[in-house]
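Each chain gets a letter, A, B and so on, in the order the sequences are listed, and its residues count up from 1.
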There are 2 protein chains.
Amino acid sequence: MRSLMLIVVPDGDDALRADVQAAAPDAAVSTFSEIGETGRLADVEVVFGGMPWPLADTPSLRWVQLLGAGIDGSLSDEMRTSGVVVTNARIHAAPIAEHLFGMVLMLTRRLDVALRHQQAGRWEREELSATADVLSGRCLGVLGLGSIGAHMARIGAAMEMSVVGLTRHGRPHPAAERMFTPDTRIEFFRASDVVMNVLPLTPETRGFVGADELAAMPARGIYANAGRGATTDTDALVDALVSGRLAGACLDVTDPEPLPEGHPLWTAPNALITPHYAGGHLAYMQNAAATFLRNLRCYVAGEPLENVVDKAAGY
Amino acid sequence: MRSLMLIVVPDGDDALRADVQAAAPDAAVSTFSEIGETGRLADVEVVFGGMPWPLADTPSLRWVQLLGAGIDGSLSDEMRTSGVVVTNARIHAAPIAEHLFGMVLMLTRRLDVALRHQQAGRWEREELSATADVLSGRCLGVLGLGSIGAHMARIGAAMEMSVVGLTRHGRPHPAAERMFTPDTRIEFFRASDVVMNVLPLTPETRGFVGADELAAMPARGIYANAGRGATTDTDALVDALVSGRLAGACLDVTDPEPLPEGHPLWTAPNALITPHYAGGHLAYMQNAAATFLRNLRCYVAGEPLENVVDKAAGY
């Protein structure tokens with residue numbers, strides 16, 4: 001069993017602190033604010049919850065467990081090229097998949113319109129009944145078919161949708177009938193009645209979805225994004241909504257973010273926008289802590305960690 | 001091949017009329033309004049779309065194909081006890097299941113709140129991120145596990161929910177881990193974090209869900225109904241919402257219906273109400289007509305019809 005110097009955990013969670021101490025009995029455990037007060041940065045070996053300090057101030061740092069999934073914005077360039085191991089929390093599949101399906105169904109079933117009628121206390125059946133739509137029989141395209149996308153694919157299949165996917169390598173995936181690569185992206189968009197984008201943000205994915213991609217989608221197409229806003233050309237998306245080429249957009253992420261007051265995306269036709277919380281859920285910290293504690297036991301035992309990020313690939 | 005007298009079809013659909021004539025070449029085909037004008041009621045043998053006349057005026061009537069699924073409100077008492085065959089349209093599984101999941105996800109993911117923020121152009125992440133919930137890991141109870149309920153069960157399972165069901169007979173169902181009967185309904189509600197009610201309205205199901213059933217549901221329970229409003233005690237439901245015992249209700253059907261202006265259900269906490277259109281979809285008439293045409297070919301050939309309603313059971 002390895003001897004640890006100092007583990008840093010988030011403030012205000014005594015139960016977590018006790019669990020961490022139990023998993024690494026001979027380590028010191030501090031919170032972020034205590035480290036700021038005591039100045040023991042040089043001894044920090046493990047951090048749970050992010051890396052707020054310059055790497056040069058933490059010469060003992062070996063491992064950072066992130067709270068989130070995406071590493072863009074969480075890691076400095078020096079961290080990316082260092083030998084420090086970075087792990088992320090992969091607890092987002094269920095909330096993000098449920099969130100995006102909720103948004104898409106809100107559009108197809110016209111629940112946003114029904115909600116406005118409810119707020120006015122009005123029972124208006126005919127128009128909604130004639131214009132609501134079904135996903136059954138249509139094609140779901142999962143853009144970035146990893147663990148989150150695979151969960152979306154399984155829900156889509158249960159809704160009787162056909163499913164296609166796009167990944168960097170395009171290897172066959174059990175949840176998709178057909179796979180595409182960045183080179184065949186236009187065919188992917190042409191096949192997909194509903195696109196769900198869960199791409200990470202990397203140099204390759206920045207601006208991946210532009211005017212040509214959106215224009216390739218079938219009539220009544222819906223574009224949904226819960227990955228990163230900057231993988232999509234916002235101006236092209238607004239144009240596609242305003243012109244009616246797209247039947248709707250369901251966006252949990254935007255570019256810029258937060259979306260400023262008065263931005264045209266707020267009021268684009270059939271755009272639903274939620275403020276980047278698709279991965280959030282009541283038990284989030286509990287689930288993230290469980291990931292960290294499993295990894296900490298491995299770390300202490302000198303075993304491989306789970307959810308190790310490929311810092312070069314960017315996810 | 002049997003010789004038919006007169007088939008009545010809905011007004012305004014020439015393509016349907018031509019298809020019906022092709023399926024029954026020697027029959028006369030009229031629309032509802034033409035019958036009213038020409039008075040050939042005595043010759044009517046088959047009706048597609050309901051039964052607006054007294055049975056005594058249609059001595060030749062043999063078969064009525066309904067447009068909808070539920071027969072309450074569609075059939076007179078004399079029709080129920082007559083020898084006239086009644087078939088319904090069973091094209092509601094996908095739209096109703098998608099509709100109810102859309103409503104439930106709107107509540108759990110707090111999309112109704114996010115929509116109000118969007119309407120105000122405000123990006124407010126923290127509270128929504130901390131209070132949104134997931135269905136994964138919770139239990140879906142399908143009240144009335146027929147073909148619509150089975151589709152819900154499959155979607156729930158894909159969302160990593162456990163699934164239980166309740167039917168009159170309680171026989172094992174491949175989509176449910178455990179089945180209940182009316183006698184064990186309290187245990188059914190106790191097991192179900194989310195209840196989806198798709199019961200037909202019969203003497204046995206009227207008022208089936210009352211104060212005791214709702215009180216048995218676990219904390220954060222959600223009650224959804226897309227069957228018939230009168231299977232639920234509305235006053236008990238309003239009480240459960242106002243007191244906070246229920247975390248929410250998703251209602252496509254209500255009692256009374258339409259829900260009158262000023263009714264307390266409109267504004268009950270965490271109640272989402274849509275005006276009885278969960279089964280509606282863009283291709284509804286096309287799909288209902290396809291059911292009728294398949295049945296008409298069987299009828300002409302003297303073969304058994306599909307979707308024959310058990311008029312005594314009421315569904």
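Chain A forms more heavy-atom pairs under 4.5 Å with one residue of B/Arg154, B/His99, B/His281, B/Met106 than with any other, namely B/His99. Looking only at heavy-atom pairs under 4.5 Å with chain A, the residue among B/Thr254, B/Leu259, B/Leu265 that has the most is B/Leu259. Of all the listed residues (B/Glu261, B/Met285, B/Glu160), the one sharing the greatest number of non-hydrogen pairs under 4.5 Å with chain A is B/Glu160. Between chain A and the options B/Ser136, B/Gly156, B/Gly121, the largest number of non-hydrogen pairs under 4.5 Å is found for B/Gly121. Residue with the most contacts toward chain B among A/Ala97, A/Ala283, A/Ala278: A/Ala278 (heavy-atom pairs, distance under 4.5 Å). The residue among A/Pro275, A/Gly137, A/Gly102, A/Ala158 with the most heavy atom pairs within less than 4.5 Å of chain B is A/Pro275.
Distance OG1/A/Thr232 to CG/A/Leu251: 7.5 Å, rounded to 0.5 Å. Between A/Arg138 atom CZ and A/Thr108 atom OG1 the span is 8.0 Å, to the nearest 0.5 Å. To the nearest 0.5 Å, atoms CE (A/Met196) and NE2 (A/His151) are separated by 11.0 Å. How far CZ of B/Arg122 is from NE2 of B/His117: 4.5 Å, rounded to the nearest 0.5 Å. Summarising the geometry, atom CD1 belonging to A/Ile71 is positioned 8.0 Å from atom CG belonging to A/Asn88; distances are rounded to the nearest 0.5 Å.
Contact of B/Met159 with chain A is made through backbone and side chain together, with heavy-atom distances under 4.5 Å. Both the backbone and the side chain of B/Ile155 come within less than 4.5 Å of a heavy atom in chain A. If you measure heavy-atom distances from A/Phe101 to chain B, the contacts under 4.5 Å come from both the backbone and the side chain. Only the backbone of A/Glu124 comes within less than 4.5 Å of a heavy atom in chain B; its side chain stays farther off. In this structure, the portions of B/Arg110 lying under 4.5 Å from any heavy atom of chain A include both its backbone and its side chain. For chain B, no part of A/Glu126 is nearby; none of its heavy atoms comes within less than 4.5 Å. Both the backbone and the side chain of A/Leu111 come within contact range of chain B, with heavy atoms under 4.5 Å apart. Proximity to chain A involves both the backbone and the side chain of B/Met103, based on heavy atoms less than 4.5 angstrom apart.
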**Q.** Audit row: B/Thr291, B/Asn307, side-chain hydrogen bond (donor to acceptor under 3.5 Å, both in side chains) steps and yes/no
**A.** CA-CA 9 Å; B/Thr291 297; B/Asn307 301 354; 4.9 Å; no

Q: Please assess B/Tyr277 against B/Asp252 for the test side-chain hydrogen bond (donor to acceptor under 3.5 Å, both in side chains), listing each intermediate value before the final yes or no.
A: CA-CA 7 Å; B/Tyr277 73 96; B/Asp252 185 58; over 6 Å; no

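Ring-plane geometry between B/Phe48 and B/Phe292 is classed as parallel, the angle between the planes falling under 30 degrees on a 0 to 90 degree scale with a further cut at 60.
At least one side-chain heavy atom of A/His263 sits less than 4.5 Å from a side-chain heavy atom of A/Pro256.
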